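Just so you know, these numbers use all the heavy atoms, side chains as well, and skip hydrogens, waters and symmetry mates. Labels below follow one simple rule: chain letters A, B, ... track the order of the sequence lines, proteins then strands, and each chain is numbered from 1. Bear in mind the structure is a predicted one, so any value in this text is a computation, not a measurement.
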Amino acid sequence: MMTAQALYETLLAAYGQPQWWSDNPYTVMVQAVLVQNTAWSSVLKVTAAMEEPLTPQRVLEMETDALEQLIRPCGFCKAKAATLRRLTAWYAQYDCDAQSIMHMAQARIRRELLSLKGIGAETADVILVYGFHKPSFIIDVYTRRFLARLGYGFADDEAIRQFFQRELPMEARLYGWFHWLILMHGIQRCKKNPACGGCPFYGACHEAQK
DNA sequence: AGCCAGGGTCTAA
DNA sequence: TTAGACCATGGC
């Protein structure tokens with residue numbers, strides 16, 4: 001089994017410098033909700049097509065029906081509109097000031113995010129890492145498939161979290177980059193080619209998905 | 001036509 | 001505690 005560092009180095013060498021989700025914390029929050037079980041292209045369709053970017057104030061003051069229609073192409077629009085409202089109300093509790101939230105303990109921020117209906121572990125960790133620069137490793141379906149193909153037999157997400165957080169420096173930047181690289185790998189190489197021919201892990205990548 | 005896309009909640013066993 | 005149903009839409 002490769003170490004977490006070795007996995008990262010291999011991905012980095014193959015795919016190059018990873019991107020950051022967004023430097024705007026609220027953009028991260030909104031897009032993290034919209035992308036739930038939804039194609040990224042649909043998220044762009046909604047967020048990139050707006051004349052004015054979605055602000056906390058707009059989300060809180062807009063009519064429910066208008067908000068639902070706005071995000072409609074992303075699917076689950078009623079549920080996601082309500083989740084966006086709850087998440088934004090939470091953000092407004094801290095005056096929509098990311099800096100003040102970043103001063104809070106990581107465990108507290110995560111607990112508060114998870115208490116919001118519609119925000120699960122993955123979405124909370126995306127917001128923690130990319131929005132507030134807190135090292136909470138993001139585990140999504142790509143991460144699970146990635147490790148499973150390489151033969152790691154983790155029992156659950158908690159075991160995966162332990163693996164990464166024990167071996168890696170606790171740096172949000174690194175966690176965000178790692179997540180991005182796993183995503184690139186999953187999308188570009190292993191989607192239509194489960195055998196991973198030509199992928200940076202060669203024959204180590206085995207087993208069908210899931 | 002059917003399956004999947006950077007999930008989460010609720011219920012039944 | 002875990003598996004399955006359900007939620008909505010768009011692209012291929």
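Distances shown here put every side-chain N or O of A:R86 at or beyond 4.0 Å from the OP1 or OP2 atom of B:dT9. Taking only side-chain nitrogens and oxygens, A:T123 comes nearer than 4.0 Å to OP1 or OP2 of B:dG8. Listed pair A:K80 / C:dT9 fails the phosphate criterion, with no side-chain N or O lying under 4.0 Å from OP1 or OP2.
Using a 4.0 Å heavy-atom distance criterion, A:K117 is classed as a sugar-phosphate-only contact. Backbone-only engagement by A:A121 is indicated by non-hydrogen atom pairs under 4.0 Å involving sugar-phosphate atoms exclusively. Heavy atoms of A:G75 sit under 4.0 angstrom from at least one base atom. Here A:I119 lies in heavy-atom contact (under 4.0 Å) with sugar-phosphate atoms only. Across all strands, A:I139 comes closer than 4.0 Å to no nucleic acid atom at all (heavy-atom distances).
Atom CZ of A:R72 is separated from atom C1' of C:dG11 by 16 Å (rounded to the nearest Å). Rounded to an integer number of Å, the gap from CG of A:L70 to C1' of C:dT9 is 15 Å. In this entry the distance linking CG of A:L113 with C1' of B:dG7 reads 15 Å, nearest Å. If you take CG of A:L183 and C1' of B:dA5, they are 11 Å apart, rounded to a whole angstrom. B:dA5 atom C1' lies 13 Å from atom CG of A:L44, rounded to whole Å. Atom pair A:W40:CH2 and C:dG10:P shows a separation of 18 Å (rounding to whole Å applied). The CG-P distance, from A:L34 to B:dG8, rounds to 13 Å in whole Å. Atom P of nucleotide C:dG10 and atom CD of A:Q69 are separated by 11 Å, given to the nearest angstrom.
The side chain of A:F76 sits closest to C:dA8 out of C:dG10, C:dA8, B:dG8. Of the candidate nucleotides B:dA5, B:dG8, C:dT9, C:dT9 has the atom nearest to the side chain of A:C77. Distance from the side chain of A:A79 is smallest to C:dA8 among B:dG7, C:dA8, C:dG10. The side chain of A:Q36 lies closest to B:dG8, out of B:dA5, B:dG8, C:dA8.
Atom CG of residue A:L7 and atom CZ of residue A:F201 lie 5.5 Å apart, to the nearest 0.5 angstrom.
With hydrogens and angles ignored, the 3.5 Å screen pairs a side-chain donor or acceptor of A:T88 with a backbone N or O of A:L84.
Side-chain contact annotation: A:Y94 with A:E112, donor-acceptor N/O pair under 3.5 Å present.
One P atom belongs to B:dA1, the other to C:dC7, and the distance between them is 22 Å to the nearest Å. Here the separation of C:dG11 from B:dG8, taken at their C1' atoms, is 23 Å to the nearest Å.
The aromatic rings of A:F132 and A:Y91 lie tilted to each other, with the angle between the two planes from 30° to 60°.
More than 12 heavy atoms of other residues, nucleotides or ligands lie within 6.0 Å of CD in A:E158, so this atom counts as buried by the packing criterion.
For the pair A:R85 and A:W90, the cation does not sit on the ring face, since its NZ or CZ is not both under 6.0 Å from the ring centre and inside 45° of the axis.
Take the nearest nucleotide of DNA chain C for A:K45 and for A:T38: the residue whose nucleotide is more 5' is A:T38.
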